[in-house]
Amino acid sequence: MSKTIRLTMAQALTRFLSRQMTEIDGKTVPIFGGVWAIFGHGNVAGIGEALYQVRQELPTFRAHNEQAMAHAAIAYGKANFRRRFMAATSSIGPGALNMVTAAALAHVNRLPVLFLPGDVFANRIPDPVLQQAEDFSDGTATVNDCFRPVSRYFDRITRPEQIIPALSRAMAVLTDPAECGPVTLSLCQDVQAEAYDYPESFFAERVWHQRRPRPDRGELAAAAAALKGAKKPLIIAGGGVLYSQASDELAKFVEGAGIPVCETQGGKSSLPDNHPLNMAAVGVTGTSAANRLAEEADVVLAIGTRLQDFTTGSWALFKNSGKTIVGLNVQPFDAGKHRALPLVADAAEGLAELGAALGGWKAPSAWTDNSAAGKKAWQVDASKVTASTNAAFPSDAQVIGAVQRSMGSGVILLNASGGLPGELHKLWQAGAPGSYHGEYGFSTMGYEIAGGLGAKMAKPDREVVVMVGDGSYLMMNSEIATSVMLGLKLTIVVLDNRGYGCINRLQMATGGANFNNLLKDSRHEILPDIDFAAHATSLGAIAEKVPSIAGLENALQKAKTNDRTTVLVIDTDPLVSTDAGGHWWDVAVPEVSARPQVNAARKAYDEKRQMQSVGD
Ligand SMILES: Cc1ncc(C[n+]2csc(CCOP(=O)(O)OP(=O)(O)O)c2C)c(N)n1
Ligand SMILES: [Mg+2]
């Protein structure tokens, strides 16, 4: 018999988590950066007591909203390129369900996070316990079943020894580059407190390393043959390039073969914006430099991307009907999308072997030179829209210009929803890998501030600049107080256009009346005039409303020396967005309507849909 130790299930869980390590830059560090927790009756006595036991090795952080703390945990994993991650624990019922949206965010973005929601009593004696929902037809269903479709691995722990295989499976998913995503271990609250004689070997320190699968020989040969036949090759770099930390390999590959690169939201900063072959953003929020190449490309090497509709312009962007897509992806589900030739591998390994297999082959120089000309033209357009202005209500692009001029490309620029992701994807000039942190897989309003906090925890030496709209700020701002409490400084720029500006523009573009988006167009007795600076001040931040673009630039300079989270608010124009670049995407317009504007929009929509390739 191996030696055992008598612990509660929760004590075994936290002890196990505290012993999981990884290696970063040659140093062994805990793989869990900590646990976010809001306690309630479903976790305070069990997990709460167990977290206290390990508070030195596995720090616990208190937040104000479960969804927000989960956002922080997820952003931590993203900013660490998935090498380190966090857990988030909640009480049962509302606390648990508050994390479901965040679980979906992590699921869509393929980001590692461990959810530990409390659950009902496994022994069912107190049923229905406080906050328990009762299913009339299924005694095993609890609200935590809502995590199932948004978790890569879900388990409900109804006996203390079940935590042993469950944690092994959790670690397998969290550390696997192909499977990576949220894991939910739903912890019945009585079982958290039950003791068991756990084998001591279960708690041995373990060091995890990033797996880097190499390509299959046949797939590699087919991919190399496709590229060698290309006249107009193009690379799409997705988030997988960053998670593989393959930027150097990508630069080497494209410099060798002369292939231009464009970036998805998730892949932005794969190459620095000023790399001559980086055409920057592609797709619906793409640059003209990238999109004109995408329209003509005959071989598209899609690396580490999900090829979602903002990248493909709802499959209307790639107009070359004879094109071949090569899907270099660690996950076969993505590698073979849209009839791509799959090249299942880690991005860095795949690029290295593909580069060798090309044996010095280069793209036709006319194509490479043409890309450089397109980039120059785009830069002229971009500098016009981001230039300074005296306008009382500047555009988002002009605010972006001010932030870029003041903060440079070395910060971590974080955003998620509203009009900003599109403008930033096009216009932000990213620096080193990871200097652009966009959550556009799920584009969750409310990610920004909490996500900024997680990114700052991952990279405490970097300035984290959060750009957020008034709508998203109002949806979730509570972790400003947490950032102040933890001494983790964020610089937050709030663009107040008095409503849901981007959805209002989308409504207008689909023929709709201005309705229920901007505050002025929404049912009201009193038109709100929200003092965001006063609000942020009340949470402990240093805050200021700035009167102009020049005022913003001054305030950003001052903010650099502030010792705590700083919130700068600027009024902006809700109706303006950048015309240059971009591409159509599929937003279904009503087929019949009493509004002639809708009918006209439907006609235009039907025409645009002709561009979509079906079955591609
Ligand atoms: C949680 C959530 N609810 C709704 C949406 C749909 N949505 C996307 S952007 C947006 C408006 C965002 O408003 P704001 O933050 O002020 O940015 P703006 O559009 O004005 O730039 C809405 C409602 C979303 N992405 N996330
Ligand atoms: Mg707004």
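We use all heavy atoms of the structure for the numbers below, so side chains are in, but hydrogens, waters and symmetry mates are not. Heads up: numbering here begins at 1 and tracks the sequence. Both ligands and their constituent atoms are indexed starting at 1 by order of listing.
Residue I503 places no N or O, backbone or side chain, under 3.5 Å from any N or O of ligand 1. For N497, a nitrogen or oxygen atom sits less than 3.5 Å from a nitrogen or oxygen atom of ligand 1, counting backbone and side chain alike. In terms of polar-atom proximity, defined here as any N/O pair under 3.5 Å, G501 does make such a contact with ligand 1. No N or O atom of S417 sits closer than 3.5 Å to an N or O atom of ligand 1.
The existence of a salt bridge linking R609 and D606 is excluded, since no basic side-chain nitrogen approaches an acidic carboxylate oxygen closer than 4.0 Å.
In this structure, a donor-acceptor pair under 3.5 Å is absent between the side chains of Q404 and T386.
Proximity of P574 to ligand 1 is not established, as no heavy-atom distance is less than 4.0 Å.
A donor-acceptor pair is defined here as one N or O able to donate and one able to accept, closer than 3.5 Å; such a pair exists between the side chain of N80 and the backbone of Y76. No donor-acceptor pair under 3.5 Å is formed between the side chain of R564 and the backbone N or O of M485. Of the possible donor and acceptor atoms, one in the side chain of S472 sits under 3.5 Å from a partner among the backbone N and O of G446.
Applying the 4.0 Å criterion to heavy atoms of C502 picks out, from ligand 1, the atoms 9 (S), 18 (P), 19 (O). Listed by atom number, the atoms of ligand 1 under 4.0 Å from M475 heavy atoms are 1 (C). Residue S472 has at least one heavy-atom neighbour below 4.0 Å for each of these atoms of ligand 1: 14 (P), 15 (O).
Here N497 meets the criterion, with an N, O or S atom under 2.8 Å of the Mg ion (ligand 2). At least one N/O/S atom of G499, from backbone or side chain, sits under 2.8 Å from the Mg ion (ligand 2).
More than 12 heavy atoms of other residues, nucleotides or ligands shown are found within 6.0 angstrom of NZ on K560.
Considering only non-hydrogen protein atoms, atom 13 (O) of ligand 1 sits nearest to Y500 CD2, 3.4 Å. In terms of protein heavy-atom proximity, atom 3 (N) of ligand 1 is nearest to M445 SD, 3.7 Å. At the top of the distance list for atom 17 (O) of ligand 1, counting protein heavy atoms only, stands G418 CA, 3.6 Å. The closest protein non-hydrogen atom to atom 21 (O) of ligand 1 is G419 N, 2.9 Å. Closest to atom 14 (P) of ligand 1 among all protein heavy atoms lies G471 N, 3.5 Å. Considering only non-hydrogen protein atoms, atom 25 (N) of ligand 1 sits nearest to S443 O, 2.8 Å.
Under the 30°/60° scheme for interplanar angles, the aromatic rings of F32 and F85 are found to stand perpendicular. Between H535 and Y473, the ring-plane angle classifies as perpendicular under the 30° and 60° cut-offs. Using the six-membered ring where Trp is involved, H338 and W315 have ring planes that are tilted, between 30° and 60° apart.
Here the side chains of N514 and N504 are in contact, with some heavy-atom distance below 4.5 Å. The shortest distance between side-chain heavy atoms of D396 and T572 falls below 4.5 Å.
Take the N/O/S atoms of D470: the one nearest the Mg ion (ligand 2) is OD1.
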